[in-house]
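See below for the structure under consideration.
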Amino acid sequence: MLERFDVGPRMSEMTVHNKVAYLSGQIPEDTSQDITGQTRQVLAEIDKLLALVASDKQHILRAEVFLADINDFAGMNAAWDEWVVAGMTPARATVEAKLADPAWKVEIVITAALP
């Protein structure tokens, strides 16, 4: 069975198939914040989406982090490290990328298992 959440004209915020949740790229709402603040916002959105399917950050299989400026790596990691569960860190890649909105400093894509 395939489920879609927050379906829009171009994309869904999340799809679930075979007990795996695939989240679209999550971005910050308040772009006036620095990289750490924007990352915290994105991680909170990830928490909310995973809660919809009774999953959580401990079940994340893979994270893809896109930074508008790779020099923000340490600031992003500050928020990530306070959020991620020690000993349950997912596979992760972080790259610099030109994001769709120049005000976004970070976008994160998540794949997570459902318990």
Side-chain angles (χ1 to χ4, degrees):
M1 179 175 163
L2 175 65
E3 292 181 87
R4 299 178 196 281
F5 295 79
D6 296 328
V7 178
R10 287 200 177 107
M11 59 179 243
S12 297
E13 285 297 318
M14 176 172 59
T15 56
V16 176
H17 185 258
N18 287 337
K19 297 192 76 156
V20 177
Y22 302 89
L23 280 62
S24 65
Q26 298 302 301
I27 47 95
E29 291 289 324
D30 179 1
T31 58
S32 69
Q33 294 188 15
D34 66 6
I35 184 61
T36 304
Q38 286 196 21
T39 303
R40 284 184 183 125
Q41 291 177 59
V42 170
L43 298 174
E45 284 303 309
I46 290 167
D47 284 336
K48 287 179 192 174
L49 285 168
L50 291 176
L52 291 175
V53 292
S55 191
D56 58 35
K57 59 189 165 190
Q58 295 182 50
H59 291 88
I60 295 174
L61 304 169
R62 177 182 168 87
E64 298 170 48
V65 180
F66 301 92
L67 295 174
D69 183 347
I70 201 66
N71 291 314
D72 283 337
F73 189 68
M76 179 276 300
N77 274 328
W80 178 271
D81 291 346
E82 66 188 29
W83 176 79
V84 75
V85 178
M88 304 195 86
T89 52
R92 188 184 99 173
T94 304
V95 298
E96 182 179 62
K98 187 171 184 173
L99 302 180
D101 183 329
W104 298 339
K105 296 181 180 301
V106 62
E107 182 171 350
I108 301 176
V109 177
I110 294 291
T111 304
L114 275 59

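Fair warning: this is a prediction, and the values are worked out from it, not measured in the lab.
Under the 3.5 Å distance criterion, the side-chain polar atoms of D72 are left unmatched by any main-chain donor or acceptor of G75. No side-chain donor-acceptor contact under 3.5 Å links S12 to the backbone of V7. Remark: the backbone N or O of V20 is not paired with any side-chain donor or acceptor of N18 at under 3.5 angstrom.
Taking OG1 of T15 as the reference point, atom CG of D6 lies at 12.0 Å (rounded to 0.5 Å). Residue T111 holds its OG1 atom at 12.0 Å from CE of M14, rounded to the nearest 0.5 Å. Between the CE atom of M88 and the CG atom of D56 there is a distance of 8.0 Å, given to the nearest 0.5 Å. From L99, atom CG reaches atom CD1 of I27 across 10.0 Å, with rounding to the nearest 0.5 Å. Atom-to-atom distance recorded for S55:OG and K19:NZ is 10.0 Å, nearest 0.5 angstrom.
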Starting from the C-alpha separation in whole Å, work towards a yes-or-no answer on side-chain contact (heavy atoms from CB on, under 4.5 Å) for F5 and V16. CA-CA 8 Å; F5 295 79; V16 176; 3.8 Å; yes
Go through it in stages, so that I can follow the logic: the residues are T94 and F66, the test is side-chain contact (heavy atoms from CB on, under 4.5 Å), and I'd like the CA-CA distance, side-chain angles, deciding distance and then a yes or no. CA-CA 6 Å; T94 304; F66 301 92; over 6 Å; no
Can you check side-chain contact (heavy atoms from CB on, under 4.5 Å) on L50 and I60, steps first, answer last? CA-CA 9 Å; L50 291 176; I60 295 174; 4.0 Å; yes
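Looking only at side-chain heavy atoms (C-beta outward), P28 and V42 come within less than 4.5 Å of each other. In this structure, the side chains of E13 and S24 come closer than 4.5 Å at one or more pairs of heavy atoms. The shortest distance between side-chain heavy atoms of L67 and M76 falls below 4.5 Å. In this structure, the side chains of V95 and V65 stay at 4.5 Å or more apart for every pair of heavy atoms. F73 places none of its side-chain heavy atoms less than 4.5 Å from the side chain of I35. Contact annotation: the side chain of I46 never approaches that of K57 to less than 4.5 Å [non-hydrogen atoms, C-beta and beyond].
Annotation: cation-pi geometry not satisfied between R40 and W80 (NZ/CZ under 6.0 angstrom from ring centroid, within 45° of ring axis).
The neighbour count for R4 CZ, taken as heavy atoms of other residues, nucleotides or ligands under 6.0 Å away, does not exceed 12.
Across W104 and T31, no two heavy atoms sit closer than the pair CD1-CG2, 3.6 Å.
A donor atom on one side chain and an acceptor atom on the other are not found under 3.5 Å apart for Q26 and Q41.
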